[in-house]
Amino acid sequence: MDQPLTGTDAHAEIREEVRKLCARFPGEYWRALDARRGYPTEFVRALTEAGYLGALIPEEYGGAGLPLSAAAAILETIHAEGCNGAACHAQMYIMGTILKHGSPEQKRRYLPGIASGELRLQAFGVTEPTSGTDTTSLRTFARREGDRYIVNGQKIWTSRAEHSDLMLLLARTTPRDQVAKKTEGLSTFIVDMRRAKGLSIRPIRTMMNHNSCEVFFEDMEVPAENLVGEEGRGFRYILDGMNAERLLIASESIGDAKWFTAKSVAYSKERVLFGKPIGANQGVQFPIARAYAQMRAAEALLQKGLAKFEAGLPCGEEANMAKMLAADAAWAAAEACVQTHGGFGFAEEYDVERKFREARLYQVAPISTNLVLSYIGEHVLGMPRSY
C-alpha cells in the first residue's frame, strides 16, 4: 500500500532506512510517552543523527540538500510505521523561510547547528488566542529600539516550545491602523529561546500528546540582526512556507491512512466470528476499501503538488486540497480501523486509539478544513471572498 502511483519511487531507499529507524521505536515507546505527555527525545535524536531533520538544508551548511518530496517521504513513512513526526516536523517546513529570506549571516549562524542537531528549530510563533487563523489581527508587537526589538504579547498552540532552541516568530512592527493593507507591518524574527529574557512558556494539556504551549513575551529583547528579511514583509515570508507545510502535513496524513488501513486489514483477517474472518463481511470490508481509495486519490494530488513545488510553479491549489483530502482519508481510515477492531480499538495496547486521536488534529491544524474550502471557493473557483 505504500507504493507510489508511478512505477518507481525516487525515495525508496530513504523510506526503507526510515522504516528501520522507526522499528526501534515500537508502540510501547509511544504509549509510555502518551501516558506521561512526554517528548520523544530519543526518537528526535535518532532522526537528527540520521540526517533526516536536516534533509532540506543545503549541503554547504551541513544538510542533505534534498527536495521537498524527500522530506514528504520521510514524514509519511514515520506515520505509516506507527510513529509520530509532529514532534519535529516544524523544523522542515519552517526551514523554507530562513532558506529563502534569511541573510547569509543568519544562514551561516544557524543552519549548520540545526543540521548537526546542536540547535533545534521547532517552535513556530504565529497563532494567538484572539486571532486564531486570522493572522493579520495578531497583537504581539515588536518595537524597534536602536539595535534591538522589544517584544510584548502572547502566542498559543506553539507546539514544542519547551523543546526548541530557536523560534520563528511573527509579530507586528507597525500598528494595523497605520498600514495600507492589513498584511503589511508584520515582521519575522529568529528568537534564540536559550538566551531570551522575558519569555515564559506554559504547557497546554490536549487530547493528544502534541507538546502544545502558550508563550508569553514581556519586554523580550531580540537583536535587530535577527530580523528575517525586511521589516514589515514578514507575512509574505510566512505565506511562502505554507504550501510546503501543507504538503508535508498531507504526507503525514497519507502515512496515517496507510497505518490504519494495514492495521484494519490484518485484524480483519485474524479475527474470526461466526466461523469466518470478519474481513469477509462487506460491512467490514467496504469502509476499509473506501478509505483506501480516498487515500490513493489524495496521494495522487499530493504527488502533483510536490512536483509543482519543486519545479517552482504555483501549487497553492494542490497543497491546500491535498492537505484537506489526505486529512479526510486518514480520518476515514481511522474510523474504519476503530470499527473493525470493535472494543479492542479502544484498548491502548493496540495503538489504534492513540493514532485515532493524533489523526483527528489535521482536520483542524495547521489550517482548518473550512479555510481550505474558502481558499478553493475564492482562489480556484473565483467565487466572492467570504472573510
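Throughout, residue positions are numbered sequentially from 1 according to the sequence presented.
Salt bridge Glu42/Arg45: absent, no basic N to carboxylate O contact under 4.0 Å. Residues Lys258 and Glu299 are paired through a salt bridge, judged by an N-O separation under 4.0 Å between the basic side chain and the carboxylate. A salt bridge between Glu81 and Arg24 is absent, with no side-chain N of the basic residue lying under 4.0 Å from a carboxylate O of the acidic one. Under the 4.0 Å criterion applied to side-chain N and carboxylate O atoms, Arg15 and Glu76 are assigned as salt-bridge partners. Using a 4.0 Å cut-off between charged nitrogen and carboxylate oxygen, Asp219 and Lys197 do not count as a salt-bridge pair. A salt bridge links Glu128 with Lys155: the distance from a Lys NZ or Arg NE/NH1/NH2 to an Asp or Glu carboxylate oxygen falls below 4.0 Å. Classification of Arg195 and Asp192 as a salt-bridged pair holds, one side-chain N sitting under 4.0 Å from a carboxylate O.
Heavy atoms only, all atoms of each residue included: Glu317 and Tyr375 are closest at N-OH, 3.7 Å. Between Lys107 and Pro112, the shortest heavy-atom contact is O-CD, 3.4 Å. Between Glu310 and Leu68, the shortest heavy-atom contact is OE2-N, 3.3 Å. The two residues Ile288 and Ser264 have their closest heavy-atom pair at CD1-CB, 3.6 Å. Nearest heavy-atom pair, Asp351 versus Gly27, reported as atom, atom and distance to 0.1 Å: OD2-CA, 3.5 Å. Contact between Lys182 and Arg172 at its shortest, heavy atoms only, is O-NH2, 3.1 Å.
Counting heavy atoms from C-beta outward, Leu166 and Val191 have side chains that stay 4.5 Å or more apart. Side chains of Arg360 and Met207 form a contact here, defined as non-hydrogen atoms less than 4.5 Å apart. When side chains are defined from C-beta on, His210 counts as touching Leu361, because their heavy atoms get closer than 4.5 Å. You'll find the side chain of Arg236 stays beyond 4.5 Å of the side chain of Leu186, heavy atoms only. Counting heavy atoms from C-beta on, the side chains of Cys22 and Thr77 never come closer than 4.5 Å. By the 4.5 Å heavy-atom criterion applied to side chains, Tyr52 and Gln91 are not counted as neighbours.
Remark: Glu218 CD is loosely packed, at most 12 non-hydrogen atoms of other residues, nucleotides or ligands lying under 6.0 Å away. The 12-atom threshold is exceeded at CD of Glu145, counting heavy atoms of other residues, nucleotides or ligands nearer than 6.0 Å. Residue Gln339 qualifies as open at atom CD: its count of foreign heavy atoms under 6.0 Å is 12 or below. Within 6.0 Å of atom CD in Glu13, 12 or fewer heavy atoms from other residues, nucleotides or ligands are found, so the atom counts as exposed in its surroundings. Other residues, nucleotides and ligands place more than 12 heavy atoms under 6.0 Å from the CZ atom of Arg176. Atom NZ of Lys308 is surrounded by more than 12 heavy atoms from other residues, nucleotides or ligands within 6.0 Å. Counted within 6.0 Å of CZ on Arg37, heavy atoms from surrounding residues, nucleotides or ligands total more than 12; the atom is thus considered enclosed. Atom CZ of Arg31 has more than 12 heavy atoms from other residues, nucleotides or ligands within 6.0 Å.
If you chain together hydrophobic residues whose side chains sit under 4.5 Å apart, Leu99 and Leu170 fall into the same group. In the hydrophobic cluster analysis, where Ile, Leu, Val, Met, Phe, Trp and Tyr join through side-chain heavy atoms closer than 4.5 angstrom, Val44 is grouped together with Leu75. By the rule that hydrophobic residues join a cluster once side-chain heavy atoms approach within less than 4.5 Å of another member, Leu247 and Ile57 end up as members of one cluster. By the criterion of side-chain heavy atoms lying less than 4.5 angstrom apart, applied directly or through intervening Ile, Leu, Val, Met, Phe, Trp or Tyr residues, Ile238 is not grouped with Phe189; the two fall into different hydrophobic clusters. In terms of hydrophobic clustering, with Ile, Leu, Val, Met, Phe, Trp and Tyr side chains grouped at heavy-atom distances under 4.5 Å, Ile367 and Met321 are assigned to a common cluster.
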Asn211 vs Ser159, side-chain contact (heavy atoms from CB on, under 4.5 Å): CA-CA, chis, key distance, verdict: CA-CA 5 Å; Asn211 302 110; Ser159 300; 5.5 Å; no

side-chain contact (heavy atoms from CB on, under 4.5 Å) evaluation trace for Val265 with Lys263: CA-CA 6 Å; Val265 169; Lys263 196 85 168 174; over 6 Å; no

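The ring of Tyr362 has its center no closer than 6.0 angstrom to the ring center of Trp331.
Rounding to the nearest 0.5 angstrom, the gap separating the CZ atom in Phe216 from the CD atom in Gln154 is 4.0 Å. The OG atom of Ser212 sits 8.0 Å away from the CZ atom of Arg160 when rounded to the nearest 0.5 Å. Put simply, OH on Tyr350 and SG on Cys337 are 11.5 Å apart, with the number rounded to the nearest 0.5 Å. Atom CG of Asn281 sits about 10.5 Å away from atom OG1 of Thr340, to the nearest 0.5 Å. The distance from atom CZ of Arg233 to atom CG of Leu227, rounded to the nearest 0.5 Å, is 12.0 Å. Taking CD1 of Ile190 as the reference point, atom CG of Asp165 lies at 13.0 Å (rounded to 0.5 Å).
A donor atom on one side chain and an acceptor atom on the other are found under 3.5 Å apart for Thr173 and Ser187. Checking Glu184 against Thr174 by side-chain atom types alone, no donor-acceptor pair falls below 3.5 Å. Checking Thr188 against His101 by side-chain atom types alone, no donor-acceptor pair falls below 3.5 Å. Residues Gln363 and Asp328 bring a donor and an acceptor atom of their side chains to less than 3.5 Å of each other. Between the side chains of Asn226 and Tyr110, at least one donor-acceptor pair of N or O atoms lies under 3.5 Å. Looking only at atom types and distance, the side chain of Asn84 has no donor-acceptor partner in the side chain of Lys355 under 3.5 Å away. For Ser137 and Asp134, the side-chain atoms include at least one donor-acceptor pair closer than 3.5 Å.
Side-chain N or O atoms of Trp157 include none that pairs as donor or acceptor with a backbone N or O of Cys213 at under 3.5 Å. A donor-acceptor distance shorter than 3.5 angstrom exists from the side chain of Arg144 to the backbone of Gly146, with no hydrogens or angles considered. Side chain of Asn320 to backbone of Ile376: no donor-acceptor contact under 3.5 angstrom is found. No donor-acceptor pair closer than 3.5 Å links the side chain of Arg120 to the backbone N or O of Gly117. Glu318 contributes no side-chain N or O that, together with a main-chain N or O of Gln303, makes up a donor-acceptor pair within less than 3.5 Å. Tyr39 places no side-chain N or O within donor-acceptor distance of the main-chain N or O of His163, the cut-off being under 3.5 Å. Under a 3.5 Å cut-off, the side chain of Ser103 and the backbone N or O of Gln106 do form a donor-acceptor pair.
Stacking of Arg385 on the aromatic ring of Tyr387 is recorded, both the 6.0 Å distance cut-off and the 45° axial limit being met.
Taking the ring pair (Phe, Tyr, Trp, His ring centres under 6.0 Å) definition, one finds that Tyr267 meets it with His341, sequence neighbours left out.
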